[in-house]
Structure formats: structure tokens, C-alpha cells
Participant: 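My structure is below; once you've seen it, I'll send some questions.
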There are 2 protein chains.
Amino acid sequence: MEMEKTKSAGYLANHMARLFASGLQARIKPLGLAPAQFMTLLELWNRDGLTQKELVVLLDVEQATMANTIRRMERDGLIERKAHPKDGRAQSIFLTEKARQVEADAVIAAKTQNAEALEGLAHAERTQFLDLMSRVITNMRDRASEKS
Amino acid sequence: MEMEKTKSAGYLANHMARLFASGLQARIKPLGLAPAQFMTLLELWNRDGLTQKELVVLLDVEQATMANTIRRMERDGLIERKAHPKDGRAQSIFLTEKARQVEADAVIAAKTQNAEALEGLAHAERTQFLDLMSRVITNMRDRASEKS
DNA sequence: TATATATACATAGCGAGCTATCTAAAAGGA
DNA sequence: TCCTTTTAGATAGCTCGCTATGTATATATA
């Protein structure tokens with residue numbers, strides 16, 4: 001039973017994601033951001049005052065993962081937590097001035113990384129690439145949630 | 001400057017790779033394997049007695065990453081290290097009987113995971129998906145090596 | 001040959017993902 | 001109202017990436 005890794009979608013997905021992450025990391029490190037922090041900031045730049053739970057749903061990571069990411073972001077002065085007005089268990093997460101200031105540069109960095117990765121792909125290929133990834137994600141997400 | 005994460009190749013690549021990894025993990029955990037161990041075993045099932053350095057090149061991970069993966073594989077009784085006959089710095093890595101015994105089941109698990117992920121894609125779409133990922137990987141790899 | 005450089009591997013320390021488990025508050029039901 | 005269940009979050013402990021650095025052996029050069 002042969003298994004050629006260069007023809008395995010899973011192997012390629014892992015390899016590709018690592019290259020995206022390290023490329024993005026190099027670009028945003030000067031801004032004081034790490035990749036998961038950037039992804040979280042994307043949601044917060046869009047709308048402030050979310051709870052940890054809301055971020056978990058938006059980014060589709062486990063609660064424990066988000067708890068740690070948020071802790072590092074607080075440590076790094078990117079966010080502040082305030083008591084939730086209605087729910088004593090929850091906290092609302094707000095951006096600091098520092099986080100607001102890096103938005104433009106960080107978004108440019110991410111767009112540049114994406115552009116570099118997709119270099120040499122025709123417009124239609126790019127569209128299809130995003131579509132195929134979305135469909136594959138949907139396949140696996142649905143299958144995963146079925147089991148719970 | 002808007003940034004829609006569902007249209008960002010990097011975001012999708014990360015999400016997809018996490019789903020592949022957790023799907024594979026669930027399937028091979030009963031065999032006593034973790035995902036990175038499986039990827040390493042794919043090379044060793046193909047050819048035994050490789051050095052750590054050779055595995056680093058084949059899997060395109062950092063040397064320190066491979067050193068840790070190998071240590072866990074040794075701990076778990078999947079490999080044994082023997083002194084390299086020609087080079088006093090290096091070690092040759094050999095499979096244990098245990099590692100050989102799980103090959104067939106592990107390969108089936110990985111193929112099943114890939115098949116599930118690609119469900120609903122036409123044959124031509126699957127081919128193109130692998131091709132697009134390969135080209136994107138090449139883009140980023142070349143760019144990364146340029147800088148060193 | 002003696003020294004300098006390059007290479008193979010180990011280790012420390014961090015980010016980011018995961019599962020499992022705990023606490024405290026909220027919500028629901030008897 | 002009281003008790004049970006659910007939910008929000010924290011924490012411990014693991015894998016697997018990474019960078020940076022140290023050590024010992026090989027190799028190359030003066």
C-alpha cells in the first residue's frame with residue numbers, strides 16, 4: 001500500500017499552512033504581533049467588546065486555545081478585559097490604542113503574504129483555490145460536528 | 001482596509017490544516033501514533049536507516065523539530081537509533097517491529113482521511129487542488145530560501 | 001599538522017493547537 | 001425556592017511547529 005506524500009492533500013495542507021504561518025510571522029513580528037494574535041485582532045478590529053466565547057465561534061478554535069491566545073495578547077498590551085455587563089461569568093474584550101495603531105500595517109502585511117503565495121496563479125485559479133479550500137473545510141467540519 | 005478572513009488563503013490554509021490534523025489524529029491515535037510521527041514513518045517505511053538530517057530535508061521541517069519528533073518516537077518504541085558507520089556525529093534511525101506492524105492500518109487511516117476531506121470534489125478538481133497547493137508551496141519555499 | 005570552519009545533533013524556550021478537568025455563575029425545573 | 005444542569009472561563013499537560021544556542025565530530029585550509 002504505497003503512500004506518496006506529495007500527492008496527499010493532508011500533507012500538502014500541513015506544509016502549506018506552515019509556510020503561510022512563517023511568512024506571516026516574519027512580516028508581523030516587527031509590529032509586535034504573532035499569527036494567532038493577528039487572526040484574533042481581525043475580529044476585534046471589525047467589532048470590539050466580544051467575549052472569549054464569541055471569538056471561539058468566529059475563529060473555530062477550542063476554548064482553551066483562545067484563552068491562552070487572549071492571555072498573551074493581554075500580556076502584550078493588545079487588549080483589555082472588562083467585566084461583562086449582563087453575565088458575571090463572561091468578560092468583554094477591548095482593543096488598546098496600541099492594537100488599533102498597528103491595524104493598517106498588519107493588514108498590509110497579511111495581504112502581501114497572500115499575494116506572494118498566490119503569485120503565478122491566474123485570477124480564475126485563485127478564485128478556485130479559495131473555493132476548493134472552503135469546500136474541503138466544510139467537508140471536514142461537518143464530519144467532525146456529526147460525531148459530537 | 002478591509003480583510004475578510006474567509007477570502008484569505010492563509011486563513012483558509014491554517015483552518016484546513018488543523019482539520020486535517022485533528023481528523024488524522026483521531027484515526028491513528030488507536031494505533032499509538034501522532035500525526036508528525038506518521039509523516040516521519042512514511043519516509044522510514046519507504047527506506048530505513050536514514051539520519052535525522054535526511055529526514056529534515058525530506059519533510060522540510062527544522063532540525064530541532066525533527067529532533068523532538070524522533071525523541072518521542074523513540075520513547076514510544078517506534079524507532080531505534082544506532083551509531084552511523086561513517087559519521088561519528090550522526091545516527092541511523094531504524095524502525096522497530098511495532099512500527100512495521102502498524103503500517104498498513106495507518107496508511108489506510110490517512111487515505112480515508114484524505115478521501116473524506118475531498119468528498120464531493122470531482123476527479124479533475126482533486127487533481128487541480130493538489131496542483132494548486134503544490135504551486136503555492138513552491139512559491140513560498142522559493143521565497144523563503146531566497147532570503148537565506 | 002594545526003587551526004578554522006562547517007555540519008549533525010541536543011536542548012531551552014516560546015507560540016499555538018489540542019483534550020481533560022475545575023470553578024463559578026446562569027438558567028431551568030421540581 | 002432549591003437543586004440540577006448548562007455555560008464561560010481558567011488551568012494542566014500534551015504535540016508539534018519555530019528560533020537560538022551549545023557541543024562534538026568532520027572537513028578544509030594555512
Side-chain angles (χ1 to χ4, degrees), chain A residues 10-11 13-26 28-29 32-40 50-57 59-76 78 81-93 144 147-148, chain B residues 10-11 13-26 28-29 32-40 50-57 59-76 78 81-93 144 147-148:
Chain A
Y11 175 81
N14 170 273
H15 197 174
M16 183 171 68
R18 284 192 286 119
L19 290 166
F20 266 112
S22 80
L24 179 62
Q25 201 229 348
I28 63 179
K29 192 176 182 181
L33 302 181
Q37 296 179 349
F38 172 72
M39 296 304 175
T40 307
L50 298 172
T51 65
Q52 181 179 125
K53 171 66 179 172
E54 289 174 311
L55 288 168
V56 161
V57 172
L59 294 176
D60 198 27
V61 295
E62 290 302 316
Q63 176 265 321
T65 299
M66 185 52 71
N68 284 322
T69 296
I70 284 173
R71 185 154 43 84
R72 285 187 291 267
M73 292 175 76
E74 190 175 36
R75 178 200 64 191
D76 296 347
L78 295 167
R81 298 193 239 203
K82 296 178 181 164
H84 192 281
K86 302 256 171 100
D87 189 334
R89 297 166 302 179
Q91 300 156 17
S92 302
I93 296 169
K147 286 167 183 161
S148 59
Chain B
Y11 175 82
N14 170 274
H15 198 174
M16 183 170 69
R18 284 192 287 120
L19 289 166
F20 265 112
S22 81
L24 178 63
Q25 199 230 347
I28 62 178
K29 193 177 180 178
L33 301 182
Q37 296 178 350
F38 171 72
M39 296 305 175
T40 306
L50 299 172
T51 64
Q52 182 181 125
K53 170 66 178 174
E54 289 173 311
L55 289 168
V56 161
V57 171
L59 294 175
D60 197 26
V61 295
E62 290 302 316
Q63 175 265 322
T65 299
M66 185 52 69
N68 283 323
T69 297
I70 285 173
R71 183 151 47 85
R72 285 187 291 267
M73 292 175 76
E74 189 175 36
R75 177 201 64 190
D76 297 347
L78 295 168
R81 298 192 239 202
K82 295 178 182 163
H84 192 281
K86 302 256 172 100
D87 189 334
R89 298 165 301 177
Q91 300 156 19
S92 301
I93 297 169
K147 285 167 183 161
S148 59

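First the proteins, then the strands, lettered A, B, ... as listed; each starts at 1.
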Participant: Just call it for A:A67: base, sugar-phosphate, or nothing, with non-hydrogen atoms closer than 4.0 Å on any strand.
Facilitator: base
Participant: Can you give me the closest heavy-atom contact between A:G10 and B:F20, atom names plus distance?
Facilitator: CA-CD2, 3.5 Å
Participant: Take the protein atom CZ of A:F20 and the nucleotide atom P of C:dG15, then report the distance between them rounded to whole Å.
Facilitator: 23 Å
Participant: Can you list the residues that meet the salt bridge (Lys or Arg N to Asp or Glu O under 4.0 Å) rule with A:E54, with sequence neighbours excluded?
Facilitator: none
Participant: With respect to the phosphate group of C:dA10, does any side-chain polar atom (N or O) of B:R81 fall under 4.0 Å of OP1 or OP2?
Facilitator: yes
Participant: Rounded to whole angstroms, how far apart are CE on B:M66 and P on C:dT7?
Facilitator: 19 Å
Participant: Return a table of donor-acceptor pairs under 3.5 angstrom between the side chains of residues 61-68 of chain B and protein atoms on other chains or two or more places apart.
Facilitator:
residue: B:Q63; atom: NE2; partner: B:Q52; partner atom: OE1; Å: 3.0
residue: B:N68; atom: OD1; partner: B:R71; partner atom: NH2; Å: 2.4
residue: B:N68; atom: ND2; partner: B:A64; partner atom: O; Å: 3.3

Participant: When you list every nucleotide of DNA chain D with an atom under 4.0 Å from a heavy atom of chain A, which one comes first 5' to 3', and which comes last?
Facilitator: D:dT7 to D:dC18
Participant: When the distance from CD of B:E74 to C1' of C:dC9 is rounded to whole Å, what number comes out?
Facilitator: 13 Å
Participant: Could you tell me the separation between the CE atom of A:M39 and the P atom of C:dG15, rounded to a whole number of Å?
Facilitator: 17 Å
Participant: Using the side-chain contact (heavy atoms from CB on, under 4.5 Å) criterion, which residues pair with B:K86? Sequence neighbours excluded.
Facilitator: B:H84
Participant: For B:Y11, enumerate each residue passing the ring pair (Phe, Tyr, Trp, His ring centres under 6.0 Å) test, keeping only those at least two apart in sequence or located in another chain.
Facilitator: B:H15
Participant: Protein within reach of the bases, or only the backbone? For nucleotides 17-25 of chain C, mark each nucleotide 5' to 3' as B, S or -, using heavy atoms under 4.0 Å.
Facilitator: BBBB----B
Participant: Please enumerate all residues that pass salt bridge (Lys or Arg N to Asp or Glu O under 4.0 Å) together with B:D76, with sequence neighbours excluded.
Facilitator: none
Participant: Under the rule for salt bridge (Lys or Arg N to Asp or Glu O under 4.0 Å), what residues qualify as partners of A:R72, not counting sequence neighbours?
Facilitator: none
Participant: Does B:A21 have any side-chain contact (heavy atoms from CB on, under 4.5 Å) partners at least two apart in sequence or in another chain, and if so, which?
Facilitator: none
